[in-house]
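Each remark here refers to the structure printed beneath this line.
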Amino acid sequence: MSAPAATSTQPLVRIEAVHKHFGELQVLRGVDLEVAQGEVVCLLGPSGSGKSTLLRCINHIEAISAGRIQVGDEVIGYRQRGDRLHELSPRAIAVQRRTIGMVFQRFNLFPHRTVVQNVADGPILVRREPRAAAEQRATELLDRVGLAEKRDAYPRQLSGGQQQRVAIARALAMEPKLMLFDEPTSALDPELVGEVLDVMKDLARTGLTMIVVTHEIGFAREMADRVAFLDGGSIVELGPPGEVLVNPRQARTRAFLSRVL
């Protein structure tokens, strides 16, 4: 895999000519995207357009087939030697992921651990933080997402929206410089969506860099700095939400929005 030449200045996230295929199925087709520090970028598009796959490639849950993804000073999943990229060991990739938080559609909480333990376990196990300090920080994060009173509850005792807010707190506990959200409200009952979006809006206002795969057009309109519309594994349109969502240039974007707005 060849590595493009580096430039002297770079955004927090740089995605260059990224392809991803599963066998003969081409899911991503030469995606290019840059995300600045503190920027919120929402990825929109129909099912199968490559949105979630792109997100999973950013933290190397899925290995890319070609191209390059860089977060900060690191090429994710690879080490550059000369003009070529060589895949890192699973251990080295795990170290890179410590600075990239991800919230999935499903909450993936440990059912046998309390809420505060679910949030504190990452810093304790990965960063060797003392339990008392990690649980104190976890309590502060639970308060931030409006769940401090649930610290000693178990996931089964929470609603779906509450579990997703715990999942957000768990990701924040690792102090990521980048947060990835993969349709975080899609598994929730409609009345629970707002409480999760409110937490995400609060994070966006603090200046946390976020890439969000979502069908919540209202959130994208209100909070995104830019919106990327994907179709067929490519970014069809990219720009401020006031342009892409209100006056899209591409017919494919207009057709998609006419069905979801």
Side-chain angles (χ1 to χ4, degrees), residues 20 22 27 42-43 47 50-63 71 76-77 90-91 93-127 129 131 134-135 137-200 202-203 208-216 219:
K20 175 63 182 178
F22 298 95
V27 181
C42 285
L43 307 182
S47 177
K51 309 181 303 296
S52 293
T53 297
L54 178 60
L55 216 62
R56 293 168 68 87
C57 286
I58 292 173
N59 65 359
H60 210 71
I61 292 176
E62 297 288 352
V71 176
I76 299 301
R91 187 184 192 91
I93 293 169
V95 171
Q96 288 186 328
R97 289 197 187 113
R98 294 179 187 179
T99 61
I100 305 174
M102 187 160 183
V103 178
F104 299 87
Q105 296 178 27
R106 296 291 175 177
F107 325 121
N108 300 321
L109 301 178
F110 294 113
H112 62 290
R113 306 289 283 167
T114 65
V115 164
V116 72
Q117 289 169 339
N118 265 279
V119 177
D121 279 352
I124 291 170
L125 297 174
V126 176
R127 292 165 43 171
E129 289 187 12
R131 179 169 296 278
E135 291 194 353
R137 169 69 172 152
T139 300
E140 293 170 359
L141 288 170
L142 289 169
D143 183 57
R144 183 174 179 180
V145 301
L147 290 173
E149 76 283 1
K150 299 291 187 180
R151 71 182 305 278
D152 296 318
Y154 287 87
R156 66 179 179 274
Q157 299 172 307
L158 305 182
S159 70
Q162 290 171 331
Q163 290 187 59
Q164 191 63 295
R165 284 187 279 157
V166 174
I168 293 173
R170 179 180 58 183
L172 293 173
M174 295 298 290
E175 300 182 340
K177 58 187 176 185
L178 170 66
M179 280 286 286
L180 309 175
F181 294 86
D182 187 7
E183 298 191 39
T185 61
S186 65
L188 301 179
D189 293 333
E191 65 269 22
L192 302 178
V193 168
E195 63 189 55
V196 174
L197 292 180
D198 285 344
V199 170
M200 294 172 61
D202 177 66
L203 294 178
L208 181 63
T209 309
M210 298 165 53
I211 304 177
V212 184
V213 172
T214 185
H215 290 294
E216 301 292 339
F219 174 85

Q: Scan L208, V71, N59, T99 and name whichever one has a side-chain contact (heavy atoms from CB on, under 4.5 Å) with L178.
A: V71
Rounded distance [0.5 Å steps], [atom1] in [X] versus [atom2] in [Y]:
X: I168; Y: L141; atom1: CD1; atom2: CG; value: 11.5 Å
X: E129; Y: M174; atom1: CD; atom2: CE; value: 8.0 Å
X: M210; Y: L203; atom1: CE; atom2: CG; value: 5.5 Å
X: E191; Y: S159; atom1: CD; atom2: OG; value: 9.0 Å
X: E149; Y: D143; atom1: CD; atom2: CG; value: 9.0 Å
X: I211; Y: L43; atom1: CD1; atom2: CG; value: 6.5 Å

Q. Does the side-chain contact (heavy atoms from CB on, under 4.5 Å) test come out yes or no for Q162 and L147, once each step is laid out?
A. CA-CA 7 Å; Q162 290 171 331; L147 290 173; 3.8 Å; yes
Residue list, side chain to side chain contact (heavy atoms under 4.5 Å, CB included) with [X], at least two apart or on another chain:
X: S52; answer: Q105, D182, E183, V213
X: V95; answer: R98
X: P155; answer: L109, N118, Q163
X: A187; answer: R106

Q.
In the structure I gave you, are the side-chain heavy atoms of M102 and L55 within less than 4.5 Å of one another anywhere?
A. yes
Q. Run the side-chain contact (heavy atoms from CB on, under 4.5 Å) check on F219 and V212 step by step: do they pass?
A. CA-CA 10 Å; F219 174 85; V212 184; 4.2 Å; yes
Any residue meeting side chain to side chain donor-acceptor pair (under 3.5 Å) with [X], in chain and number order, not counting sequence neighbours:
X: D121; value: R113
X: T53; value: none
X: Q157; value: none
X: R151; value: T139

Please report the closest heavy-atom contact between [X] and [Y], naming both atoms and the distance.
X: V116; Y: E135; answer: CG2-O, 3.9 Å
X: V103; Y: A171; answer: CG2-CB, 4.2 Å
X: V119; Y: A173; answer: O-CB, 3.4 Å
X: G77; Y: I93; answer: CA-CG1, 4.1 Å
X: F22; Y: V27; answer: CD1-CG2, 3.4 Å
X: I124; Y: A134; answer: CG1-CB, 3.5 Å

Q) Tell me the salt bridge (charged side-chain N to carboxylate O under 4.0 Å, His left out) pairs involving residues 51-62, sequence neighbours left out? A) K20-E62, R56-E62
Q) Under the salt bridge (charged side-chain N to carboxylate O under 4.0 Å, His left out) rule, what pairs show up with a residue in residues 153-181, not counting sequence neighbours? A) R127-E175, R165-E195
**Q.** Audit row: T214, M200, side-chain contact (heavy atoms from CB on, under 4.5 Å) steps and yes/no
**A.** CA-CA 12 Å; T214 185; M200 294 172 61; over 6 Å; no
Q: List in chain and number order the residues that pass salt bridge (Lys or Arg N to Asp or Glu O under 4.0 Å) with R97, two or more places apart in sequence or in another chain; answer none if no residue qualifies.
A: none
Q) With sequence neighbours left out, what residues match D202 under salt bridge (Lys or Arg N to Asp or Glu O under 4.0 Å)? A) R144
Q: Begin from the C-alpha positions of V199 and Q164 and carry the test side-chain contact (heavy atoms from CB on, under 4.5 Å) through to its verdict.
A: CA-CA 10 Å; V199 170; Q164 191 63 295; over 6 Å; no
